[in-house]
Amino acid sequence: MKPIRYFLLLSSVIAFLLTSCTTTNNEVVVYTSVDQVFSEPVLKEFEKRTGIKVKTVFDTEETKSTGVLNRLIAERNNPQSDVFWSGDPMRADVLKQRGITEAYRSPAASGISEVFIDNDYNWIGFSSRARVLLINTNLVKPQDIPSSILDLTNEKYKGKFTVANPLFGTTSFHIAAIFAALGDEKATQFMEDLKKNGVVISSSNGDVKKKVATGEVQMGLTDTDDANEAVKEGAPVKAIFLDQNGFGNLIVPNTVSLIKNSQNSENGKKLIDFLLSVETEKMLAESCAQMPLHKGVPVPSTVPSLDNIVPMKVNYAEVAQKSEQIKEYLKQWARQ
């Protein structure tokens with residue numbers, strides 16, 4: 001009997017170990033550069049609907065987009081994240097070029113324009129912001145509102161406008177897109193002319209909003225979600241879409257990517273499907289005035305329509321490469 005009992009006991013232990021090894025944690029890890037106040041409610045709703053626990057790593061305001069990006073690059077051989085939710089496509093394309101993400105053709109992407117989807121499905125865009133010029137309407141007369149970003153080099157705006165540090169966040173994306181659109185020579189001259197015209201460098205887009213709202217400066221480049229917050233706070237401000245008769249206004253979609261060799265890839269795919277859904281776009285439209293990429297999503301009246309904006313034509317892979325090329329120049333520019 002002893003050999004039989006021993007065999008049965010050994011079989012039970014082996015079965016238990018095999019079951020333990022094949023059981024996956026009911027969780028998903030997401031790194032995001034999107035403001036916690038806006039992204040966290042969406043992730044909590046995913047938890048509520050699916051029962052999957054979401055562990056989130058957020059960026060700080062000052063290192064927006066670069067903190068989690070650098071962490072993902074450092075962890076490439078031992079991924080700790082399953083999903084990267086980026087505030088712009090440039091960072092997602094950097095990860096693609098480094099082989100850190102993998103393709104996932106989410107069914108929830110149906111209805112989203114291919115303009116906002118990576119050719120290989122390493123990232124997919126959803127709810128978008130736009131870069132705008134926020135003006136203080138108490139300080140800027142209608143006839144003095146710039147129509148182009150290039151107008152900010154005009155002497156009449158000297159020392160009266162601000163931009164966030166171009167090494168971080170959507171500002172770095174914006175500047176890289178300008179370099180791609182104008183070419184290195186013209187874009188470099190534009191940046192030098194901004195410096196000569198007394199541009200004030202703010203710590204973040206939120207700081208730009210604050211400076212314009214309080215009248216510390218007359219105008220500044222920021223995102224539509226920051227502009228919307230200033231309006232909701234009752235500040236005397238207005239958002240201006242620039243270059244509508246020129247190369248267009250930069251549109252900045254969120255993107256989501258699946259991390260290669262992640263520990264919870266199936267749950268990662270479920271989270272990606274949820275982020276790309278109409279429900280998520282509706283939530284983000286209501287919370288921070290983001291513009292849906294799906295058609296027919298009900299949004300508040302304060303949310304502008306992409307149909308009414310002339311967009312800048314952007315090759316996101318080219319802009320990602322350009323961002324790397326001009327990084328050292330922008331470091332020097334920001335220190336001057």
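- A salt bridge is defined here as a Lys NZ or Arg NE, NH1 or NH2 lying under 4.0 Å from an Asp or Glu carboxylate O, and Glu45 with Arg49 meets this definition.
- In this structure, Asn138 places its CG atom where more than 12 heavy-atom neighbours from other residues, nucleotides or ligands lie under 6.0 Å away.
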Output a table of donor-acceptor pairs, distance under 3.5 Å, between side-chain atoms of residues 301-315 and any protein atom two or more places apart or on a different chain; print 'none' if there are none.
{"residue": "Ser305", "atom": "OG", "partner": "Asp307", "partner atom": "N", "Å": "3.1"}
{"residue": "Asp307", "atom": "OD1", "partner": "Lys295", "partner atom": "NZ", "Å": "3.1"}
{"residue": "Asn315", "atom": "OD1", "partner": "Ala317", "partner atom": "N", "Å": "3.2"}
{"residue": "Asn315", "atom": "OD1", "partner": "Glu318", "partner atom": "N", "Å": "3.0"}

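- When all heavy atoms are compared, the tightest approach of Leu134 to Val212 is O-CG1, 3.6 Å.
- Sorted by first and then second residue, the pairs that involve residues 253-307 and meet ring-ring contact (aromatic ring centres under 6.0 Å, His included), not counting sequence neighbours, are Phe46-Phe274.
- Legend: residues meeting side-chain hydrogen bond (donor to acceptor under 3.5 Å, both in side chains) with Arg76, ordered by chain and number and at least two apart, are absent.
- For the salt bridge (charged side-chain N to carboxylate O under 4.0 Å, His left out) condition, the pairs that include at least one residue of residues 173-201, sequence neighbours left out, are Asp184-Lys322.
- For the ring-ring contact (aromatic ring centres under 6.0 Å, His included) condition, no pair includes a residue of residues 183-213, sequence neighbours left out.
- For residues 325-336, the pairs satisfying salt bridge (charged side-chain N to carboxylate O under 4.0 Å, His left out) are Glu324-Lys327, Glu328-Lys331, with sequence neighbours left out.
- With sequence neighbours excluded, no residue forms a side-chain hydrogen bond (donor to acceptor under 3.5 Å, both in side chains) with Asn249.
- Heavy-atom minimum distance, Met283 versus Pro41: CE-O, 3.8 Å.
- At least one side-chain heavy atom of Ile100 sits under 4.5 Å from a side-chain heavy atom of Ile73.
- Residues Thr101 and Asn122 have side chains that bring a donor and an acceptor to within less than 3.5 angstrom of each other.
- Between the side chains of Ser257 and Arg91, no donor-acceptor pair of N or O atoms lies under 3.5 Å.
- For residues 121-137, the salt bridge (charged side-chain N to carboxylate O under 4.0 Å, His left out) pairs, not counting sequence neighbours, are Arg129-Asp223, Arg129-Asp225, Arg131-Asp223.
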### Query
After noting the C-alpha distance and the side-chain angles of Gln97 and Gln321, does the key distance pass the side chain to side chain contact (heavy atoms under 4.5 Å, CB included) rule?
CA-CA 9 Å; Gln97 292 173 26; Gln321 292 170 356; 3.6 Å; yes
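- A salt bridge links Asp207 with Lys211; the closest basic N to acidic carboxylate O contact falls under 4.0 Å.
- Every residue was checked against the side-chain hydrogen bond (donor to acceptor under 3.5 Å, both in side chains) condition with Asn261, not counting sequence neighbours, and none meets it.
- For the ring-ring contact (aromatic ring centres under 6.0 Å, His included) with Trp123, the lone residue among Tyr104, Tyr316, Phe84 that qualifies is Tyr316.
- When side chains are defined from C-beta on, Leu43 counts as touching Leu271, because their heavy atoms get closer than 4.5 Å.
- A 4.5 Å side-chain heavy-atom check between Leu221 and Ile149 finds at least one atom pair inside the cut-off.
- Listed for the Asp151 side chain is a donor-acceptor partner under 3.5 Å among the backbone atoms of Ser148.
- Checked by atom type and distance alone, the side chain of Ser323 never pairs as donor or acceptor with a backbone atom of Val319 at under 3.5 Å.
- Under the ring-ring contact (aromatic ring centres under 6.0 Å, His included) criterion, Phe179 pairs with no residue, sequence neighbours left out.
- When all heavy atoms of Thr170 and Gly87 are compared, the closest pair comes out as CG2-O, 4.5 Å.
- Legend: salt bridge (charged side-chain N to carboxylate O under 4.0 Å, His left out) pairs involving residues 232-261, not counting sequence neighbours, sorted by first then second residue: Lys209-Glu233, Glu229-Lys232.
- Here CG of Asp118 is found 9.0 Å from CD1 of Ile124. Values are rounded to the nearest 0.5 Å.
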### Thr255 and Asp88: CA distance, side-chain angles, deciding distance, side chain to side chain contact (heavy atoms under 4.5 Å, CB included) verdict
CA-CA 6 Å; Thr255 63; Asp88 67 71; over 6 Å; no
Show which side-chain atoms of residues 157-168 pair as donor or acceptor with protein atoms under 3.5 Å away, not counting sequence neighbours.
{"residue": "Tyr157", "atom": "OH", "partner": "Asp144", "partner atom": "O", "Å": "2.6"}
{"residue": "Lys160", "atom": "NZ", "partner": "Lys156", "partner atom": "O", "Å": "3.3"}
{"residue": "Thr162", "atom": "OG1", "partner": "Val200", "partner atom": "O", "Å": "2.6"}
{"residue": "Thr162", "atom": "OG1", "partner": "Ser202", "partner atom": "OG", "Å": "2.6"}
{"residue": "Asn165", "atom": "OD1", "partner": "Leu167", "partner atom": "N", "Å": "3.0"}

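- Looking only at atom types and distance, the side chain of Ser127 has no donor-acceptor partner in the side chain of Asn254 under 3.5 Å away.
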### Task
For salt bridge (Lys or Arg N to Asp or Glu O under 4.0 Å), just list the numbers for Glu40 and Lys44, CA-CA rounded to whole Å, side-chain angles, deciding distance to a tenth of an Å, and then say yes or no.
CA-CA 6 Å; Glu40 192 168 47; Lys44 291 291 185 184; 5.0 Å; no
### Query
What's the verdict on side chain to side chain contact (heavy atoms under 4.5 Å, CB included) for Met191 and Ile175, showing C-alpha distance, side-chain angles and the deciding distance?
CA-CA 9 Å; Met191 295 297 290; Ile175 299 303; 4.0 Å; yes
